[in-house]
Amino acid sequence: MSQEVRVRFAPSPTGPLHIGGVRTALYNYLLAKKLGGKMLLRIEDTDQNRFVPGAEQYIIESLQWLGITIDEGVGVGGPHEPYRQSERSAIYQEHAQILLDAGKAYYAFDTSEELDAMRATFESQGSAFQYNAVTRTRLKNSLTLSEEEVKAKIEAGEPYVIRLKVPAKEEIRFKDLIRDWVHVHSSTIDDKVLMKSDGLPTYHLANVVDDHLMNITHVIRGEEWLPSAPLHVMLYRAFGWENTMPQFAHLPLLLKPEGNGKLSKRDAEIGGFPVFPLEWTNPEGVKSIGFREEGYLKEALINFLAFLGWNPGTEQEIFSLEELTQAFSLERINKSGAKFDINKAKWYNEQYLRQQSDEALASQYLTDFETDKAVKIVHLFKERVTFPQQIVSEANALFVAPTSYDQAVIASKWNDDAKKAITAFKEALPALDNFVADEIKHTLSAELEKLGIKMGKVMQALRVAVTGAGAGPDLMLLMEIIGKDAVIQRLDTALTTL
RNA sequence: GGUCCGUUCGUCUAGGGGUUAGGACACGUCCCUUUCACGGAUGAAACACGGGUUCGAUUCCCGUACGGACUACCA
């Protein structure tokens, strides 16, 4: 039976989507598109305490910006609605009941304080507390209490959780598409809480139930889930769903650029680079920068992210989203974590920036300038900047006369010959009707020839006189854009002040 | 501490029983250029360690070291 591939991206709305999450979404999307399947977006908002208003919208906008389209789920709907877990509590309760009835789960009445105390005691004896096959016989739960006692407690409104009754001795193994077989013994897994005392499920239950009900075929998620994957396998087993269980692929983590550990918001602050796709202002009003606002092009971000943990096996580095969907495969994802290097992201951005036409960039970013001037400016600067907004600031700077001059150049190049040449050039300029690069150059060389001075001798001095800087794009083009009157004025200023 | 996962240039990685261990970013040098940048060329730079297996191991196996994740009524 050939089955439609269905993957899901299932973030929690606890804040802005982290760049690692974006990559997870991307890989899911890539696999779905490659295999002609569907990409779902499910919001895992079962923790009311960590819910952040606006986070869901942020996630949707981020994916939209990047072109990671959702076929089914929050925001678009679909046959398995609702796709927000907070709206599915009845489903989880029902499924928890199935496990309870089958004797595969049980009620537990231990309070958090009691459990904390347990943990402290165990720790003081040098061991770790686990709610499991051996300890559950001594704790307050429906396995140790009589049926009447349990009933009474529940009816009295005493808070309780539902825990999975993990078998004492069972070998759990599953095949991870990236890591191959992973084996774990059930004795190392504790009786995880499935339903919290607030009546909402934990991640584990909700995730397994939803993935099953939504016919998910591939679970592609971060490596932080690898340790709980065996628990999920046990849950599939407990429900009798093992034969339709999705395949797992646990992605390597994105690591700090330097030092140890996974990439965090703090690293971004230290390094001065974004870790969120879009700018985000948290409920307290604190703003975090985003890739989009910093000037990263979505194509560059996608390409960069795709290559953090995956590669096509060829030497091609530049891939459009469409090319990525063609080339992508889970088999070529590697196992080890990748340090996040913003330099590579910048390089990708430069590549994509240069790929765009002068006209497109001009109409998108230089709307304050007349079109043909804007196009010329873009042409001059797009190969020398990393971000589009740098073209804008360069453009604006063009029309401001220099307020200071590069002293090193002045010291070595601002000599009598240069002054003589620049004076002659300046005086020849008013007669020049067609003030374009070629004509300007002709005028300059004509004047230099008369004086017997070589071009190379004066170019730098001239550049400094016009722009204040010792380096930059083609000076003739620059002067053309600045305009005749302004150039003459600047030369005057330089000649009289320097 | 326990469980699980990992380890090729500074970074992202290719490769895989016999290779001059390849590419990209960053870095150095040179060329181009009126300068800078782009571009081109080029250089430096890596198989964590110890045992096996083998004629031969960076590649396979086992240990060790190191790194990471998880260890909540968070996801």
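Every chain is numbered from 1 and lettered A, B, ... according to where its sequence line falls, protein lines coming before strand lines. Model, not experiment: these values are computed from the prediction. Any value given below was found using the heavy atoms of this structure, including those in side chains, with hydrogens, waters and symmetry copies removed.
- Distance CZ (A:Phe307) to P (B:rU13): 11 Å, rounded to an integer number of Å.
- B:rG51 sits 29 Å from B:rA69 when the C1' atoms are compared, rounded to a whole Å.
- Side chains of A:Ser264 and A:Asp267: a donor-acceptor N/O pair is present below 3.5 angstrom, by distance only.
- Close to B:rA26, at under 4.0 Å from its OP1 or OP2, lies no side-chain N or O of A:Asn343.
- Counting non-hydrogen atoms under 4.0 angstrom, A:Gly222 reaches nothing in the nucleic acid.
- Pairing partner, B:rC66: B:rG6, with both Watson-Crick or wobble hydrogen-bond distances short of 3.5 Å.
- Heavy-atom distances to RNA chain B give each of A:His185 and A:Lys441 a nearest nucleotide, and the one nearer the 5′ end belongs to A:His185.
- Pairing of B:rU19, defined by two Watson-Crick or G-U wobble distances under 3.5 Å, is not identified with any nucleotide.
- In this structure, NZ of A:Lys382 is placed 15 Å from P of B:rC38, rounded to the nearest angstrom.
- Across the C1' atoms, B:rC30 and B:rA48 are found 36 Å apart, a figure rounded to whole Å.
- By the salt bridge (Lys or Arg N to Asp or Glu O under 4.0 Å) test, A:Glu224 is found to be paired with no residue, residues two or more places apart in sequence or in another chain being considered.
- One finds no salt bridge joining A:Arg84 and A:Glu44 here, because no Lys/Arg side-chain nitrogen approaches an Asp/Glu carboxylate oxygen to under 4.0 Å.
- Spacing of C1' atoms, B:rG43 relative to B:rC62, comes out at 40 Å, to the nearest Å.
- Nucleic acid contact class of A:Ala128 (heavy atoms, under 4.0 Å, all strands): base.
- Between B:rC32 and B:rC38, the two C1' atoms lie 11 Å apart (nearest whole Å).
- The separation between A:His442 atom NE2 and B:rU34 atom C1' is 15 Å, rounded to whole Å.
- With salt bridges taken as basic N to acidic carboxylate O contacts below 4.0 Å, none links A:Glu171 and A:Arg173.
- Atom C1' of B:rU11 sits at a distance of 16 Å from the matching atom of B:rG67, rounded to the whole Å.
- If you take atom C1' in B:rU3 and the same atom in B:rA14, they sit 33 Å apart, rounded to whole Å.
- Defined by atom type and a distance below 3.5 Å, a donor-acceptor pair is missing between the side-chain atoms of A:Tyr203 and A:Asp47.
- No hydrogens or angles considered: nothing links the side chains of A:Asn28 and A:Arg8 as a donor-acceptor pair under 3.5 Å.
- Relative to the six-membered ring of A:Tyr106, A:Lys165 misses at least one condition, a distance below 6.0 Å or an angle of at most 45° to the axis.
- The only member of A:Phe276, A:Phe273, A:Trp280, A:Tyr296 that meets ring-ring contact (aromatic ring centres under 6.0 Å, His included) when paired with A:Phe291 is A:Tyr296.
- Nucleotide B:rA14 has no partner under the Watson-Crick or G-U criteria, as no pair reaches both atom distances under 3.5 Å.
- If you check every strand for non-hydrogen atoms under 4.0 Å, A:Gly472 touches a base.
- With rounding to whole Å, A:Ile333 atom CD1 is found 17 Å from B:rC12 atom P.
- Across all strands shown, A:Pro252 has no heavy atoms under 4.0 Å from either base or sugar-phosphate atoms.
- Between B:rG39, B:rG6, B:rU34, one nucleotide has an atom nearer to the side chain of A:Asp474 than all others, and that is B:rU34.
- Taking atom CE of residue A:Met476 and atom C1' of nucleotide B:rU33, one finds them 13 Å apart after rounding to whole Å.
- B:rU33 is unpaired under the Watson-Crick or G-U wobble criterion, no partner having all donor-acceptor distances under 3.5 Å.
- For A:Phe340 and B:rC25, the CZ to C1' distance is 13 Å, given to the nearest whole Å.
- B:rC9 and B:rC49 have their P atoms separated by 11 Å, with the value rounded to a whole Å.
- Remark: C1' of B:rA37 and CD of A:Gln390 are 12 Å apart, rounded to the nearest angstrom.
- A:Phe248 and A:His250 have parallel rings, their planes meeting at less than 30° on a 0 to 90° scale where 60° marks the start of perpendicular.
- Distance noted for atom C1' between B:rG18 and B:rA57: 9 Å (whole Å).
- Using Watson-Crick or G-U wobble geometry with both donor-acceptor distances under 3.5 Å, B:rA46 finds no partner in any strand shown.
- With hydrogens and angles left out, the side chain of A:Lys344 and the base of B:rA24 share a donor-acceptor pair within 3.5 Å.
- Pair check for B:rC60 finds B:rG52; Watson-Crick or G-U wobble, both atom distances under 3.5 Å.
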Once each nucleotide of nucleotides 68-75 of chain B is scored for protein heavy atoms under 4.0 Å, what B/S/- sequence comes out, 5' to 3'? SSS--BBB

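- Atom pair A:Asp341:CG and B:rC9:C1' shows a separation of 14 Å (rounding to whole Å applied).
- When the nearest nucleotides of RNA chain B are assigned to A:Gly337 and A:Glu317 by heavy-atom distance, the more 5′-ward of the two goes with A:Gly337.
- Checked by atom type, the side-chain pair A:Tyr92/A:Asp210 shows a donor-acceptor distance below 3.5 Å.
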